[in-house]
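Chain naming here is simple, since letters A, B, ... match the order of the sequence lines and numbering starts at 1 in each.
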Protein chains: 2
Amino acid sequence: MPTIKDVATKAGVSIKTVSRVINDEPGVADSTRQRVNDVIRQLEYVPNLSAQRLKRGRSELFALLLPRVESPYAIKLFSYILREAQKRDYSVLTLAEVNSTPITPAQIEHVVKTHRVDGLIVAPPGADNVVLMNFLKSNHIPYVTINPNLLNEHPFSVESTDEIGANEATRYLISLEHKRIAHIACMKTERFSHERRKGYIRALEDAAPAASAPLIVQGDNSIESGHNATLELLNLPDPPTAIFAGNDEMAVGVILAASHLGLSVPGDLSVIGFDDTPISHQIFPHLTTIAQPIPEIARVSVENLLELIDGKQDVPEFVQIPTRLVLRGSCGVPIQN
Amino acid sequence: MPTIKDVATKAGVSIKTVSRVINDEPGVADSTRQRVNDVIRQLEYVPNLSAQRLKRGRSELFALLLPRVESPYAIKLFSYILREAQKRDYSVLTLAEVNSTPITPAQIEHVVKTHRVDGLIVAPPGADNVVLMNFLKSNHIPYVTINPNLLNEHPFSVESTDEIGANEATRYLISLEHKRIAHIACMKTERFSHERRKGYIRALEDAAPAASAPLIVQGDNSIESGHNATLELLNLPDPPTAIFAGNDEMAVGVILAASHLGLSVPGDLSVIGFDDTPISHQIFPHLTTIAQPIPEIARVSVENLLELIDGKQDVPEFVQIPTRLVLRGSCGVPIQN
DNA sequence: CTGAAAGCGCTTACAG
DNA sequence: CTGAAAGCGCTTACAG
């Protein structure tokens, strides 16, 4: 493997000049820069990361705390964060729960110290762990949280627009001329549940009297709870013609319940989910849903963290990123109006 | 952050002695070793990885090539490999397809050179890419493959016992006194499909005449194909009372089809899957299935790769790791016998 | 615009 | 059993 010395010798310059070229520093004549770059290409020279890191006194490594990696949301977030980090020559140390063995703050503290991570990106449930957050704050370790449940607790966070997304989902059902639209709510422990519920209620209130009053059943995010909530809803004297499920799993439960009752989706019942997880295009009909802006969340989180690590002062404290309505096959015009 | 020098000074020894203690090298008096360890604990000293790597001329980094990270199999494999690597102070550079954008051999070549990975762990489809494999071989880069489709092409591979697992699944159905047992086969492009089919056929043949002849429908691994294959099977003049699906997704399709036909699982039809993916306990009834030994596959792959990197000569070339029958709620005694 | 020197924190031979 | 010296491949001040 060629080193910076080999490049310097062959280009007839000092290693410092090569270093300037590598790091895009100013103060190198264009002709010199070009010559050095040619040699770099010719020798297929790549700087030794370990040497750079040692000298810079930085690990160029950040930790990523994820919930159960089995969750599709976590996985997608993970892959995009990985990709964004790689673009910027950063490594990612992923700490994720496997088989619901939770990671303790003490473990994280140990990893942070051992690997000298420059910072952290923290997704729930880590972002809601007060002990952990206090450790990070008191040690002045830069970190960015993603969709935290605890608000105003974190200096820097990146969020998706759950309220607006839910509002858009509901307005879409209204635009199809559904009047009676139910909502199956996610677990109350998650802040996004409230946001989604609020967006749903706001849409109905704005559309009144074209849409009837809110009709909400509490779910627990699982397929089964979506299934049971649907049976309950469809047994009402005046059943809904459309259901906005708080997440895709419960929306799948809606489809399964409809199928058990001999109802067709979207013929007899329209369903819309939230999250755009893989299950949304594994089920039949494919699920119309609200997509989380995961690629953008990943990009902004990484960018902001690296700026914090660089000591920049103008890092935005609170970023909201818009969700997106994804039209598939689970919504239609109501049969009875 | 304390350095090796601080420890040496405080313990009254040379830095070389501290280095010996850190690396568990022989030739240090027990009393010295103890004293140094005490100081290490006291100062909370942790060796600087970048310095170690620079000096050792190793990145202590291996690359992991995964298929679509959206697949639950890939995710689980990923988390366990991560964990095993961490135990051994190795970092993992994960290269995974996102949204089915395939990784090209050229990209991998670039990453291998840029990051100077010490080796690779390659899961399909990378393991079946001849161009990539040739690049690794001709550059003498150590690598281990997991469940490759191409056999005898790889110096070192780790596999699960698909044939034996399928055989166990089928024998379990036979033990419940099912006579007519069908199989929905996975895509023919995957070698494991043939292994699972073989295991199924062997079980029926060994049990004859208690079990009838093989009855196989080709699927394509999707829920939908499992669904369609089931409709086909249950329309036969002498329909099966049990179905062994080649994977969990198709087994879910079996359950959905049964539900559409008004049949209960396992009352009217028993179903067994393969892989033990998350979907197997999201569906009702929960799926009896064959679990892939992912934790062990991860451990052995990492162990073998690190031994190859260390230049050890006795690394096993071909490791098979047993699958496990997981009993849940989708199998029962046949209603008509 | 360019470079010589020093040193980041370790480990690798080598000597005793 | 222990240590002094050299150096891995870079970057950080500093000088010109």
Once you apply a heavy-atom cut-off of 4.0 Å, does [X] come out as touching a base, just sugar-phosphate, or nothing?
{"X": "B/Pro26", "result": "nothing"}
{"X": "B/Thr32", "result": "sugar-phosphate"}
{"X": "B/Arg20", "result": "base"}
{"X": "A/Gly57", "result": "nothing"}

Pairing stems for DNA chain C [at least three consecutive pairs; Watson-Crick or G-U; under 3.5 angstrom]: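 Stems found: C:1-3 with D:14-16, C:5-12 with D:5-12, C:14-16 with D:1-3.
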Are [X] and [Y] ion-paired here, with the side-chain N under 4.0 Å from a carboxylate O?
{"X": "B/Arg33", "Y": "B/Glu25", "value": "no"}
{"X": "B/Glu159", "Y": "B/Arg191", "value": "yes"}
{"X": "B/Glu60", "Y": "B/Arg88", "value": "no"}

Euclidean distance, B/Ser301 OG relative to B/Leu306 CG, rounded to 0.5 Å: 10.5 Å
CG on B/Leu120 to CG on B/Leu64, rounded to 0.5 Å: 9.0 Å
Earlier contact from the 5' end, DNA chain D, for A/Leu54 and A/Lys16: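 Between the two, 5'-proximity favours A/Leu54.
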5′-ward residue of the pair B/Arg35/B/Arg116 relative to DNA chain D: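 Residue closer to the 5' terminus by nearest nucleotide: B/Arg35.
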Distance-only side-chain donor-acceptor flag, A/Ser91 / A/Arg53, under 3.5 Å: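 Per modelled atom types, A/Ser91 and A/Arg53 side chains form a pair under 3.5 Å.
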Side-chain donor-acceptor contact under 3.5 Å, A/Ser160 with A/Gln292: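 Short answer, yes.
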Distance flag, aromatic centroids of B/Phe78 and A/Phe78, threshold under 6.0 Å: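 A/Phe78 vs B/Phe78: aromatic centres under 6.0 Å.
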Span of DNA chain D in contact with chain B (heavy atoms, under 4.0 Å):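 Contacts span D/dC1 to D/dG9, reading 5' to 3'.
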Pairwise 5' ranking along DNA chain C for A/Ala29 and A/Ile15, keeping only the more 5' one: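 Comparing both residues, the 5'-ward one is A/Ala29.
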